[in-house]
Amino acid sequence: MTDMTIFPQLEIPHTIAAGPGPGNTDERVLARFAKAGVADHMHPDVLRGMVECKQMLRAVMGTDNVHTYGVAGTGWSGLDVMFSAVMPGDKVVMFVNGTFSGLDGLTVRMKAATAEELATNPLDPAAASVTIVNVPHGASVTGDIVEAALAEHKPKWAAMAHWETGSGRVNDMRGFSDACERHGVMGLVDAVSSLGVGDFRIDDYPGVHGWASCPQKGICCLPLTYAPVSFTDQYIDVLKQTGCRTFVHHPILEARHWGIIDGADAPVGTYHRTHSAYAVSAFHEALRIALQQGIAARARDYIYHEAALRAAVEAMGCEVTSNMPSLVVLNLPGEFAGREKELVQACRAENFGIWPTLSEPVQVRIGILNLLNATAISDIVNRFAAALRKMGAEVDQARIDAVLDQHYGQAIAAE
Ligand SMILES: *Cc1c(COP(=O)(O)O)cnc(C)c1O
């Protein structure tokens with residue numbers, strides 16, 4: 001008999017997930033996940049749930065695109081579906097201003113590389129047909145940058161992150177979409193961290209033909225469910241001509257189970273892969289919550305609470321370099337520069353989950369996904385202040401209290 005270890009049941013503590021993502025999944029979502037019955041992926045209520053999800057997702061994304069649905073998995077799964085239309089040798093201009101758009105760039109280089117280019121450096125290929133436009137960390141991609149690059153290169157595709165979560169920067173969607181339209185370029189957007197947080201309708205950006213988001217950030221549905229995607233008819237037509245080299249992540253085939261067949265809504269879906277009743281129920285509830293709260297109202301809440309967090313960390317002497325409403329990216333006070341990872345580790349050891357940046361330069365990231373109330377923000381602020389103090393910083397509690405008090409007034413007492 002071989003030795004076998006059966007480990008004790010896995011216990012995972014409850015933490016304050018105050019990072020750039022994942023956000024705190026709503027109790028209602030977890031309840032739907034746990035309460036779904038054991039039903040197979042072709043059960044009528046599962047199929048109906050998927051069709052309802054598709055329709056609610058169109059409202060959340062603000063689109064009439066027929067090809068709007070969820071891709072099983074994480075943000076990268078949705079992005080992989082979106083980028084699967086990029087074929088070897090396709091000309092692409094990719095705008096990179098941080099970790100995530102950098103990884104989108106890697107995805108694009110892997111897809112657009114020729115067989116020789118891929119074999120030369122399989123994990124990080126260079127592709128002659130891909131132009132990466134690097135914008136410095138801490139700066140946004142502007143319409144002028146996009147315009148100049150598209151005018152020069154005239155690519156088939158252009159890609160950008162809507163909000164670059166690595167550096168906490170909002171990029172210029174209007175400028176990107178307009179430049180794509182002017183130059184007849186098909187825009188592809190990583191909206192992983194903006195969907196469900198910002199107030200926008202994707203149909204207002206006609207230069208963009210593919211969108212991909214994720215379950216775990218603004219949609220607040222971490223029980224690994226669905227990464228929202230949406231494609232215009234033009235994207236689908238181009239894909240029909242070229243095809244793409246994937247079955248499971250094929251933008252047309254993956255749509256079938258959601259009842260999108262031959263470019264139109266069908267009453268129910270047909271088999272593509274085995275979807276889970278639990279995942280469908282959870283995603284369905286997350287979309288219901290987003291629509292009940294309202295996209296615009298939620299976006300206002302993020303702006304309101306980010307301002308409080310920003311003012312409070314500035315009162316501690318930190319410098320904020322981000323402009324994203326769900327996330328504050330900051331430099332520590334000068335004398336503590338270089339100790340960001342130590343601070344983050346100390347916070348995480350106390351189940352206060354904040355993050356450093358994942359690529360250079362090292363900064364601290366504090367997020368507020370689904371933490372939209374004065375009590376939660378004050379808790380984050382006070383924990384961060386305590387961690388700074390432990391490192392030896394002199395943090396004036398009265399100043400912080402004054403900032404929070406000015407921002408929230410009696411809100412804290414009322415909660
Ligand atoms: C979080 C994030 C991703 C990756 O999403 P996963 O859910 O981890 O797969 C990609 N792009 C951006 C902009 C992100 O913020």
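Numbering of ligands and ligand atoms starts at 1, following listing order. Please read these numbers as outputs of a predicted model, since none were measured by experiment.
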### Query
If you measure from atom 11 (N) of ligand 1 to every heavy atom of D190, L222, L224, which option wins on shortest distance?
D190
### Task
Pick whichever of H162, Q216, E164 has a heavy atom sitting closest to atom 8 (O) of ligand 1.
Q216
### Query
What about W163: any of its N or O atoms under 3.5 Å from an N or O on ligand 1?
no
### Message
Evaluate L79 for polar contact with ligand 1, using N/O atom pairs at a separation under 3.5 Å.
### Response
no
### Message
Does only the side chain of T74 get under 4.0 Å from ligand 1, or the backbone, or both, or neither? Count heavy atoms.
### Response
both
### Query
Considering only heavy atoms, does F100 approach ligand 1 within less than 4.0 Å through its side chain, its backbone, both, or neither?
side chain
For ligand 1, which atoms, with element, lie under 4.0 Å from some heavy atom of [X]?
X: T165; answer: 12 (C), 13 (C), 14 (C), 15 (O)
X: K217; answer: 1 (C), 2 (C), 3 (C), 14 (C), 15 (O)
X: G75; answer: 5 (O), 6 (P), 7 (O), 9 (O)

### Message
Going by side chain to side chain contact (heavy atoms under 4.5 Å, CB included), name the residues that satisfy it together with A299, two or more places apart in sequence or in a different chain.
### Response
D199
### Query
For D262, what residues pass the side chain to side chain contact (heavy atoms under 4.5 Å, CB included) criterion, not counting sequence neighbours?
none
### Message
Ignoring hydrogens and geometry beyond distance, is a side-chain donor-acceptor pair present between T270 and R256 at under 3.5 Å?
### Response
no
### Cation-pi geometry met for K217 and F100 (6.0 Å, 45°)
yes
